[in-house]
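Taking it in order: structure first as structure tokens, then the write-up.
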Amino acid sequence: MGREDGDMPDSLPTIPEEVFAKGYPNLAFHEDKKPQERMTEGQPTVDTECKPKKGLGRKKKEPAKAVGFFQLFRYATGCEVLLMIIGLLCAALHGIALPLMCVVFGQMTDSFVQSGQPYNPPRCLLHAYYFIGIGCAVFLLGTFQVMLFLLTATKQTKRIREKYFHAILHQQMSWFDTHQIGVLNVRLTDDINTINEGLGDKICVFVQFFCTFLSGFIIGFIFGWKLTLVILAVSPLLAGSAAVWSKILATLTSKELSAYAKAGAVAEEILVAIRTVVAFNGQKKAVERYERNLEEAKNFGIKKAITTNVSMGFTQFVIFGTYALAFWYGTKLSVDEPENYTIGKTITVFFSVMIGAFSLGQGAPNLEAIAKARGAAYEVYNTIDQPRPIDSSSKEGHKPDCVKGDIEFKNIHFSYPSRKDVKILQGVNLTVPRGKTIALVGASGCGKSTTIQLLQRFYDPDSGEITLDGRDIRTLNVKWLRENMGIVSQEPVLFGTTIAENIRYGREDATDEDIERAVREANAYDFISKLPDLNTMVGERGAQLSGGQKQRIAIARALVKNPKILLLDEATSALDTQSESVVQAALDKARAGRTTIVIAHRLSTIRTADVIAGFSNGEVVEQGTHRELMAKKGVYYSLVMQQDLDSVLYDSSDMDELEVGNEEGIENGGFEKNSISSGRVEMKTTRRKSKKDKKKPDEAPDIPFTRILALNKPEWPYMLVGTLSSLVGGAVYPCVAIIFAKIIGVFSEVDPEVKRQKTMMFSLLFLLIGGVAFVTYFLKGYMFGKSGELLTMRLRRQVFHAMMRQEIGWFDDNNNAVGVLTTRLATDASLVKGATGSRLGLATNTVCALTIAIVVAFIHSWQLTLLILACVPFLIGANFIQMRAMAGHASKDQGALEQSGKISTETVENFKTVVGLTREDVFFHKFMDSLERPYQNGLVKAPIYGLTFAVAQAIPYMVNAAIFRFGSWLIAHCHTEYENVFLVFSVIIFAAMNIGESASFAPDFAKAKAAAGRILGLLEKKPEIDIYSEEGEKPTDFVGDIEFRGIHFAYPTRQNVRVLQGLNVSVGPGQTLALVGESGCGKSTSIQLLERFYSPAEGQVLVDGLDTKTLNLSWLRSQLGLVSQEPILFDCSISENIQYGDNSREVSQDEIEEAAKNANIHDFIMGLPEKYNTRVGDKGTQMSGGQKQRIAIARALVRQPKVLLLDEATSALDTESEKIVQQALDAARQGRTCIVIAHRLSTIQNADQIAVIQYGQVTEQGTHTDLMAKGGAYYALVNAQVNH
């Protein structure tokens, strides 16, 4: 019987490990884990998207790659290696305990069976003491083996995380062009968790099992070689089935994860662009796109469940077959050579060999964890080792004492590594003398920004060289080079921290005075002084600020380091006229004595430049001063003529505003809200609170099991069949136990013939039970697997659907940052799966097994049964403690890792900015700090987990001692027969094994409950602005009469700053209303209110005289065509991006081309190799700003809206395109109501109404001529632009 009891300790891990590690619960992990393989497998997809041809060949065969076993531990210190070796020794000794126990057990059985002789209890006492001794040893060894490994794993994992993040931070830019951001973040969290699993106690547990295997066979051969050989003959079957099975599983898991990874990438992209999705009613399309990608993951999951369970069932069948063979042959031997084979020896041999063979199987999942870790480590270590030709952390390269600032580009040829076939620069020659300002002009996409990126050494040119003060910049220290350059780019990136911190990223040791000086120089002092203080948070990606405000903070950030070289990539383009003229003055001041390279579309801003260089097709075709070039009548002249002067003047400001627009709204939203009318605030804060209260319980509301099961309702037929087969499966083990005891009873038969017949019969019964086990396993697995996968898919869809339904204010909340939401989608749904079907099956299985076991046991020997039942709580308790220890810290770690995930996401997404500012170290330290807490928790957890593991392993030995001591006493006093002692013992132990197994599901269940709580919380959350509601009117004769009446508004995340304070403005059908005003005065906010992204606090937005709140939301949005300031495109083809404009129907290719022609991008598209099927890259990165803007305009025109909202729609365009797009927009405005936000006032002079907004109110309104005559605010704005 040794195996049973013996098995007991490991068996707890056993089956669970195998079944479950591969089966349900851990999917959650795999799900995440996948990514590592995903990169390998998914890589080609990534590559193909960016189209580098050469990456493909190399990446195709990657899935097989893994690091060597010892390589996995390359980051361990000497001391850690020593601790691991000690851990392995403990594990090896622990492994010998089980087979030893079989020997003791066999001797004991013999002493029971020799009931012929008068019984001698002392002998039995001895056996009981042996059991206790082995138990104590196991306790000690178990504690150390687990504790040492967990400690070292925690330390190594932290080190790997740090090194990997550090490596990512210092990769060259071209590496990022070919690696998806989402994948990197997944790697950083999940892949490294996978490595952690592999470095942890898995190895020592494997060694423990391996030693059990060796010692088991050795003992088998010593005690009975014939029987050992017979059993060995069958074991290849066992090992073979296990091997095949784990092989199949591994491939399925990896595929399943890469299948989900695709859906995850889709979700991330959609959540990042949520405003765009909502404005174009794209929720349905988004959900469908997500769902399509889920289908694949589901099918793999089902296949996996079937494979797992067929192989599990088969294994069970083979085991029971082996029992049958061994006992049949064992009896034969004991009849043939009684002197060598007593029943005790037969049992010792049988169990030590079986346990030996099994432990190999039990060790396998641990090996699998190690294999997975090696696979995950391959990509991670690879990145860490990646040679970094341009490495900002390297100390190499010159660091001259002073920079004079002479820059020269000599014959530069360049194409982006991700698009080798498109030549960007073709022989650029350009000299920038020190202290001079050179301006680069040319059409959008001609390589102007590229030159600046080359100068910062984001890329190295394919040929030619760039020199600074006569030295090739490749010989200079990268970090030093970048530190001496201040860069202000076109779409400035701010980080989700305070304003002061954002500026300090320019120079770490900046004092408050420095910051204030830079803020004043950048003309940001006024708007910042209206905020509570410099420590105001700017929101994720700076979303709380308007474009102009972001831009000024970015300028302050560049000026604070007092750079010798200033790079201005459209730096003023996002500003309104007033700020722009001041900032322009600030920049002119900043340029003094610095070498400056300016890129501008608005030529008026660069007339004063010392040299102007005209770019065309990747070459510098002309250079000279404004005068010289005008005389030349070349590229520059034609650009200027297009902008003709007055528009030139405005031009630049327009551009600025553009950026401002969209966020400005927010900004204002955010900031100007200071004048608080207390009533309004009260109301707001109360709402905020209620939101907070909702948030807290959301962490882990307690959800009854029935509620979780209810989620699975649609699959009830599957659940029913699964539960029934579990019920039958529960009876398997008790039956095995009964037959087992009967066989031992047979040995006391004197008549050899009777012995033979009886064993024959029982052996066949074993086979039969094996068959039953096979069928029930298969049914149970298939049914629960299928219902689980369907549930996961449905939950993911519902959760995503629910996310799409939330109002924009919900996304502004930090708890719902994109990273957090995508993690939720990936893990929560698959966690819940572990809590429904399979859990229900386990419960029925357990109940059935227990009932049968207890009934049978009481019938055969009630005294012993009572004692055993008294011990059962200990057995179950031991397992339970072990489970709790594992689960305890799960939630805490999760939170902390989410924090580090947020930091890494933000850093990687804005990588260019981080690198340009040389702030890699700051973010690296931030990341390290966020890991500190989970790391400390990990260290504390190790000894606790070690102890609990050891207790769980040792208790069974103690229980055995008690049972057999009492059993021998009962036999000695004739209270029972020895056969009954065995029967009761094995029935209950087998049942306990069964329960142990189900208990091992506990940690999974705790997590599943929390996940289910979060999911249900989200599904039940009804937003105030509900896009899915069918309510509201859908007027048929919509004319487009819009009025804002008495609007007050503050952004939900910043209640104390009121953006709109009584806005009143209206526009009649077919008219054009232009909103002008300083950055942050509430222009874009008003458009967001019209789109109903937010609801006003007081007042009404009226459309055709109806309050927008009474209208059907999707109908309302479908009437509005929005072109915003920083357009977001999706990572698909150009035609799909344009089609996105109207999601209510299929948009034909003709309509797409028509819209593209109207937006003046048709010709450009036809010039691309793949025309309309060209992919635009993640967030549209493969397109220039002007190209993105025109695609966005085409997208808005496709839906033929009644109302056109242009939030700075032309500001990101160069003069050529702008002029044409402006004409296209003028044409598009015909017969439509149009609301235009513009900084470049020349573009709106012909508007029917112009409203000047200041401090959230309209201060004056009228036509251009009226307002100019009035000589008020508008007049001042126009003047500022012209004079500027």
Side-chain angles (χ1 to χ4, degrees), residues 575-581 602-604 640-658 660-661 1039-1045 1062-1079 1081-1084 1086-1087 1090 1203-1211 1215 1218-1284:
L575 306 181
D576 53 82
T577 331
Q578 280 176 309
S579 349
E580 196 220 359
S581 53
R602 236 170 299 171
L603 305 180
S604 59
V640 173
M641 289 334 281
Q642 279 167 346
Q643 275 193 4
D644 56 34
L645 227 165
D646 100 352
S647 99
V648 169
L649 294 175
Y650 299 132
D651 209 10
S652 40
S653 57
D654 246 19
M655 179 129 167
D656 287 338
E657 164 130 305
L658 172 163
V660 177
V1039 286
D1041 181 5
I1042 293 171
E1043 181 184 354
F1044 291 89
R1045 188 182 291 169
L1063 178 74
N1064 287 298
V1065 65
S1066 63
V1067 52
Q1071 290 195 313
T1072 296
L1073 165 69
L1075 303 179
V1076 297
E1078 272 202 29
S1079 186
C1081 65
K1083 303 186 296 292
S1084 299
S1086 52
I1087 282 191
L1090 176 58
V1203 179
L1204 203 52
L1205 307 176
L1206 305 177
D1207 186 352
E1208 290 286 2
T1210 60
S1211 62
T1215 330
E1218 194 222 356
K1219 189 121 197 188
I1220 312 177
V1221 174
Q1222 192 58 52
Q1223 287 164 359
L1225 289 175
D1226 291 343
R1229 288 188 339 207
Q1230 298 309 314
R1232 293 192 168 107
T1233 307
C1234 188
I1235 298 183
V1236 186
I1237 293 181
H1239 286 138
R1240 230 172 303 176
L1241 304 181
S1242 58
T1243 55
I1244 54 156
Q1245 288 179 6
N1246 53 0
D1248 303 297
Q1249 281 283 322
I1250 295 175
V1252 181
I1253 300 182
Q1254 281 180 321
Y1255 305 117
Q1257 293 169 315
V1258 175
T1259 47
E1260 53 181 27
Q1261 190 172 350
T1263 60
H1264 174 69
T1265 18
D1266 300 346
L1267 295 177
M1268 287 303 279
K1270 214 176 182 181
Y1274 180 74
Y1275 177 78
L1277 287 169
V1278 173
N1279 261 349
Q1281 276 197 5
V1282 176
N1283 298 337
H1284 150 84

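What you see is a predicted model, and the numbers here were worked out from it, not measured in a lab. Computation of the quantities below employed the complete heavy-atom set of this structure, encompassing side-chain atoms and omitting hydrogens, waters and symmetry-equivalent molecules.
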Residue list, side chain to side chain donor-acceptor pair (under 3.5 Å) with Gln1261, at least two apart or on another chain
Gln1249
Could you state the interatomic distance from CD1 (Ile1235) to CD (Gln1071), rounded to the nearest 0.5 Å?
11.5 Å
Residues which pass side chain to side chain contact (heavy atoms under 4.5 Å, CB included) with Thr1263, listed by chain and number, not counting sequence neighbours
Thr1265, Asp1266
What heavy-atom pair brings Gly1068 and Asp1041 nearest, and what distance separates the two atoms?
CA-OD1, 4.0 Å
Run through Val1236, Leu1206, Leu1205 and flag the one making a side chain to side chain contact (heavy atoms under 4.5 Å, CB included) with Ile1087.
Leu1205
Which pair of heavy atoms, one from Cys1234 and one from Val1067, lies closest together, and at what distance?
O-CG2, 4.4 Å
Tell me, do Asn1064 and Arg1045 make a side-chain contact under 4.5 Å, heavy atoms counted?
yes
Between Asp1248 (side chain) and Thr1072 (backbone), is there a donor-acceptor pair under 3.5 Å?
yes
What pair of heavy atoms forms the shortest contact from Leu1063 to Ser1086, and how long is it?
CD2-CB, 3.9 Å
Nearest-0.5 Å distance, CD1 of residue Ile1042 to OG1 of residue Thr1233
5.5 Å
